Structures are given as C-alpha cells and as structure tokens.
Amino acid sequence: MILSLIDITKAKGESERAQAYWNAYHCQSKIISSDNKLYGNYCKNRFCTVCCAIRKAEIINKYYPVLKEWEKPYFVTLTTKAVKAKNLNKWIFGMNRAFNIIKNRCKKRYQRGTGIQLIGVKSLECNFNPQRKTYNPHFHIIVPNKVIADLLKKEWMLQWNQTGVIYTSPKAQHIREVENLERDLIETIKYGSKIFTEADLKKKGKKATTPLIYALALDNILCAMKGKRIFERFGFNLPKTSKKKPIKQLVINYEEFIFTSDATDWISTTTGKLLTGYTQTSQLNHLLNECINTETY
DNA sequence: GTTCAAAAGCAAAGGGTCAA
DNA sequence: TTGACCCTTTGCTTTTGAAC
C-alpha cells in the first residue's frame, strides 16, 4: 500500500511526502530481541498501519476508563456536502472552524447558566466516493448523553445553513445510542481514512463487492489532513496519570532481525532464523496485489 | 540515525466587551 | 439577552536541535 502511495507522490512530484511514506515503509524493519522481548522503533506516521494500531490502543486505554463512566453515551456523525479533492483542505478547515464556533457559543451559554456544557470526543474522518470522485469529510463524535447529541446536531445545522445556501441536510447527520462503547470508540479513533472503499456504493447491502484501496484518494486525504488534529476531546480533561519513566538497561545478549518482504517475516542476521514463521494468507496476497487502485486519473 | 529535553505552537478554560 | 470575538493562563502536543 505504501509503495502505491509513493508512486502517487512521484507522479505528483512531491518528494517530501514520498520520504515520509518511505519512513513508514521501513517502520519496524529492524527488530532486536533480547530476553524474550522484542524492541523496535516506531515511525509514528499517520499512514503507518503498525503505528496507527499502537496509537489506537493507547487512546483506547486512556479514554475508555473515562467514557465508560458516562451515563448513556451517544454516537454522533456530523457531515457536510461531499467535495472534490482540490477543495478538501478548505472544507476540513471550515468544519473545524464551525465546530469551534459552536463550542464557543455553547461555552458562553453554559457560563451564563442558560445552557449545558458540551462534552465529548471527536475525530475527523474522510471517505471517498469512487463513482463521483468526491470526498466526504465528517466528524465522529461520542458524547455522554442524548441531550448533548441533539444539541450538537441542531447547532451544526444552524451553523451551516445560516445564509440560505444549503451546505448540509439534517438527513446526513446521524445520532444513535452507543451499544458497544469499545466498538464505537474504535470506530471513532480509527484514524482519518477508511483504507478500503467499496467500489460501488449503490450495491451496498445487495451484493458483497470487493473493497479496494484507492491510492490516489488516500494520498489526497492524507495530504488534506496533514498537520490537522484527527482525534480530540472537548469539555473535559483526562485524569492526571503519573508517567512511569522507562528503566534503561544495557543488553548484552541480543539477536537482530531484519524484515524481508520475500519471506514476509523478519530474518535473523546471525542465524538466518525466521522470527515469526508467518506466511501471508492468500486473501491478503490477493488484497495487496489485486485490490489497490493506482489510477492517477 | 536515534534519543531526549527544551521551545514553540495549539487548544481549552475561564473570563471580558460590545453590538444587534 | 445573545452571539461574536478578544484576552490570558494553563496544559498539553509537536517540533526542533543538540548530544550521543
């Protein structure tokens, strides 16, 4: 997937982003094992599946204890109209601005004792529509109760449709009760973009189509989201946790493993032994070889 | 190239003013 | 009375840059 993204940046002539992709490509390529533990370095890129998984886990561990205390959490989706790639950056900016204005408005009402406090966690995500070649940026939000969910939707509609021009419709905003908090928290923080996109959205539900990875769309989304915060909380703080300082230890007995794509595994530089013994499944093979759309249109 | 701490940059929270 | 906008402090997160 990363190699496809690199090809896209090459076609666009953007070497800086290509370098960032390469960093992700080499993430965890070297692993040191010692005393039954594995050590590696994270590239910490948004588009690195390894680092994303770690980041997700960290966020879940941090937020789940707080969110599970909420009385009756609701899941809210706020959207605007789908846009073309060249306008995506501008629209994401506008969505953040709109959300801030709403937050400020509610803050003032709360300060004056005439409104409730807006509390929740929110994340920015963007889907791609392969037929229309449009992008649909949206917020996924978890709030503690239905009152806040309804308020958010109401204010969002108000914010976007003030001038008489319709930027979004009430039908595009969704509110539902959280049934499985962990699942919804994962849904909220899944980080920026769905990697896989159904090739034909209309067929949804009727027939299972093979999802594809649209490399160009993914690159466009990553580009538009660069430097923007994807996951944020509002209206509350996490309880203070004391940071445990990692203890440094000098390791004498260790083994070095280097990842080799041909082997789909890490190989020991001293013994030639495989680290995991993993063999790529035919499904994954198919996915990586046949399901990445590298069109640059 | 990696690590780590300081600095810079951002956002939230709490407040205020002003004009419609 | 309300919303837009401004200010300051505080607490993070990200970036930078120097040491290794």
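Here is the naming used below: chain letters follow the sequence lines, and residue numbers restart at 1 for every chain. For the numbers below, each heavy atom of this structure counts, side chains included, while hydrogens, waters and symmetry mates do not. These numbers come from a predicted model, not from an experiment.
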> Can you tell if the side chain of A/Glu177 reaches within under 4.5 Å of the side chain of A/Lys72, non-hydrogen atoms only?
Replying inline: yes

Could you tell me the separation between the [atom1] atom of [X] and the [atom2] atom of [N], rounded to a whole number of Å?
X        : N      : atom1 : atom2 : answer
A/Lys122 : B/dA11 : NZ    : C1'   : 10 Å
A/Phe236 : B/dA13 : CZ    : P     : 9 Å
A/Lys108 : B/dG16 : NZ    : C1'   : 7 Å
A/Gln117 : B/dG15 : CD    : C1'   : 15 Å
A/Glu232 : C/dG11 : CD    : P     : 19 Å
A/Asn104 : C/dG3  : CG    : P     : 12 Å
A/Ile230 : B/dA11 : CD1   : P     : 13 Å
A/Asn96  : B/dA12 : CG    : C1'   : 15 Å

>> On DNA chain C, does the nearest nucleotide to A/Arg97 precede the nearest nucleotide to A/Thr114 from the 5' side, or the other way round? Give the residue.
In response: A/Thr114

> In terms of side-chain geometry, is the basic nitrogen of A/Glu155 or A/Arg105 positioned less than 4.0 Å from the acidic oxygen of its partner?
Replying inline: yes

>> With a cut-off of less than 4.0 Å, is there a side-chain N or O of A/Arg105 near OP1 or OP2 of C/dA4?
In response: yes

>> Check the phosphate of C/dG3 against A/Arg109, side-chain N and O only, distance under 4.0 Å to OP1 or OP2. Yes or no?
In response: yes

Over all strands shown, is [X] touching base, sugar-phosphate only, or nothing at heavy-atom distances under 4.0 angstrom?
X        : answer
A/Tyr110 : nothing
A/Gln111 : base
A/Arg233 : sugar-phosphate
A/Lys107 : base
A/Asn100 : sugar-phosphate

>> Ring-plane angle category for A/His26 and A/Trp22, please: parallel below 30°, perpendicular beyond 60°, tilted otherwise.
In response: parallel

>> Once you measure the plane-to-plane angle for A/Tyr63 and A/Phe231, does it fall in the parallel (<30°), tilted (30-60°) or perpendicular (>60°) bin?
In response: perpendicular

> For the hydrophobic clusters of this structure (ILVMFWY residues joined by side-chain heavy atoms under 4.5 Å, transitively), does one cluster hold both A/Ile141 and A/Tyr64?
Replying inline: yes

